[in-house]
Amino acid sequence: MARKFLATEVSDLCVGKPPLRWLPATATVADAVAALKRSGDINVSVWNCNHHDVVLCRCIGKICMVDVIDYVCKEDNPFESSLLDLLPKVDDGRIKHLEANSSLLEAIDSILEGAQNLVIPIKTYNQRQQHLITNPSLGTTTSTTLHNGKEYCWLNREDIIRFILNSINVFSPIPTFTIESLNIISNETLTVHYDDPAYSALPLITHSHLNQTSVAVVNQDNTLIGEISPFALSCCDETIIAAITTLSAGDLMAYLDYSGPPEDLVHLVKMRLQERNLTGMMDMMDDYYNPSSSSSSSSSDEEFGAWKNGGMGRSYPGRRSEAIVCNPWNTLMAVMVQMIAHRVSYAWVVKEDYGLVGIVTFTEILRQFRSTVGSSNTKVR
């Protein structure tokens with residue numbers, strides 16, 4: 001039964017998916033930031049075509065605010081740099097194209113091989129005619145979504161786990177086993193202490209972003225206090241860079257709260273920027289927190305949304321500093337439901353006293369389901 005289910009075509013998972021918003025490879029980092037703000041999306045796709053040349057269009061990467069944060073903290077005058085500087089120099093397989101008739105098993109194998117997003121052509125029923133780009137840098141909001149005469153969406157781990165969850169009975173009795181008995185708890189966690197500078201966690205944030213996990217914030221006893229999630233950071237705008245530069249890991253968690261940062265933390269960030277003579281970041285903060293501009297509503301504010309709220313204006317349900325936890329004795333089914341409900345690709349595994357045990361991820365869960373059908377050479381159609 002599981003084998004037949006895994007033969008499902010990935011096009012079934014794409015029903016209702018919106019076409020990808022995108023930027024051409026010729027865009028700049030500033031273009032990517034503007035596109036993310038306009039769209040409200042977590043990621044924007046990058047394509048190697050501009051629709052002025054006759055070339056085969058392919059998605060060559062994706063950009064989110066974490067990529068921008070990582071790059072801006074390392075480079076001078078970063079916003080005018082090429083978008084390609086944010087992408088891997090060599091194709092690392094994070095983005096993979098699949099045909100619409102590819103099987104769910106092929107999709108799972110691609111993800112287990114390292115793909116984060118699968119690019120799938122989707123059917124367009126109204127055959128709408130769209131104009132070519134007049135300004136490539138605005139590709140995410142004003143241009144065609146057609147590439148090679150088709151529209152595309154992408155699938156990720158969450159999409160596949162959600163689809164499996166709807167037919168979980170085909171994998172019975174595996175979902176009723178505990179995550180400990182299934183041996184899917186990894187003790188390779190990334191942690192930072194509560195009082196450590198948030199800036200010191202940047203390499204860990206970058207690593208967890210690549211693995212689609214998170215950075216645990218712990219005390220001296222290795223008790224889990226919260227997390228610094230790349231997913232939460234992706235919901236921010238560029239002012240979050242100032243907070244990472246000046247705050248402790250613990251204070252950054254409060255800054256990432258749903259309702260936006262407390263005023264005392266905003267003042268603390270500004271004070272420390274001034275002490276360090278970081279005028280560029282000071283100007284950026286002033287632009288976002290200027291009381292005289294926040295009282296009036298302009299067309300620009302409407303276009304970008306209510307983004308003058310501590311860099312947290314791009315509202316999204318994944319934005320939080322509270323860690324999602326489970327226990328070793330929880331069933332796989334319970335953990336999957338919890339992860340899907342909170343829109344995360346991982347859950348921290350803790351003891352009763354919140355001592356950190358490890359982490360369970362969508363990747364290991366998919367690996368568990370994948371093992372039910374044997375070798376990847378086995379045909380499932």
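Partners of S82 under the side chain to side chain donor-acceptor pair (under 3.5 Å) rule, at least two apart in sequence or in another chain, do not exist in this structure. For P18, the side-chain contact (heavy atoms from CB on, under 4.5 Å) criterion is met by no residue, not counting sequence neighbours.
Checking side-chain atoms of E106 against main-chain N and O of A7 turns up no donor-acceptor pair under 3.5 Å. When atom types are taken as modelled, the side chain of D31 and the backbone of T28 share a donor-acceptor pair closer than 3.5 angstrom. When atom types are taken as modelled, the side chain of T372 and the backbone of F369 share a donor-acceptor pair closer than 3.5 angstrom. The main-chain N or O of I185 is never found under 3.5 Å from a side-chain atom of E180 such that the two would form a donor-acceptor pair. Panel note: side chain T245, backbone I241; a donor-acceptor pair is recorded below 3.5 Å. Looking at R3, its side chain does come within 3.5 Å of a backbone N or O of V373 through a donor-acceptor pair. For the pair N156 (side chain) and D159 (backbone), a donor-acceptor distance under 3.5 Å is present. Judged purely by atom type and a 3.5 angstrom limit, N219 uses its side chain to pair as donor or acceptor with the backbone of T223.
Atoms OG1 and CZ, on T361 and R367 in that order, are 8.0 Å from each other to the nearest 0.5 Å. Atoms CG and NZ, from N117 and K96 in turn, are 13.5 Å apart once rounded to the nearest 0.5 Å. One finds the CD atom of Q368 at 10.5 Å from the CG atom of L366 (value rounded to the nearest 0.5 Å).
S45 and R21 share no donor-acceptor pair across their side chains, judged by distance under 3.5 Å alone. A side-chain donor from one of E227 and S214 sits under 3.5 Å from a side-chain acceptor of the other.
At a threshold of 4.0 Å, the pair D109-R370 counts as salt-bridged, since one of the basic side-chain nitrogens sits closer than that to a carboxylate oxygen.
Two rings, from Y346 and F231, have their centers 6.0 Å or more apart.
Among pairs with a residue in residues 192-210, those fulfilling side chain to side chain donor-acceptor pair (under 3.5 Å) read D67-H209, D70-T206, H207-N211, at least two apart in sequence or across chains.
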Stepwise salt bridge (charged side-chain N to carboxylate O under 4.0 Å, His left out) check, R272 with E275 | CA-CA 5 Å; R272 289 179 176 173; E275 289 173 353; 5.5 Å; no
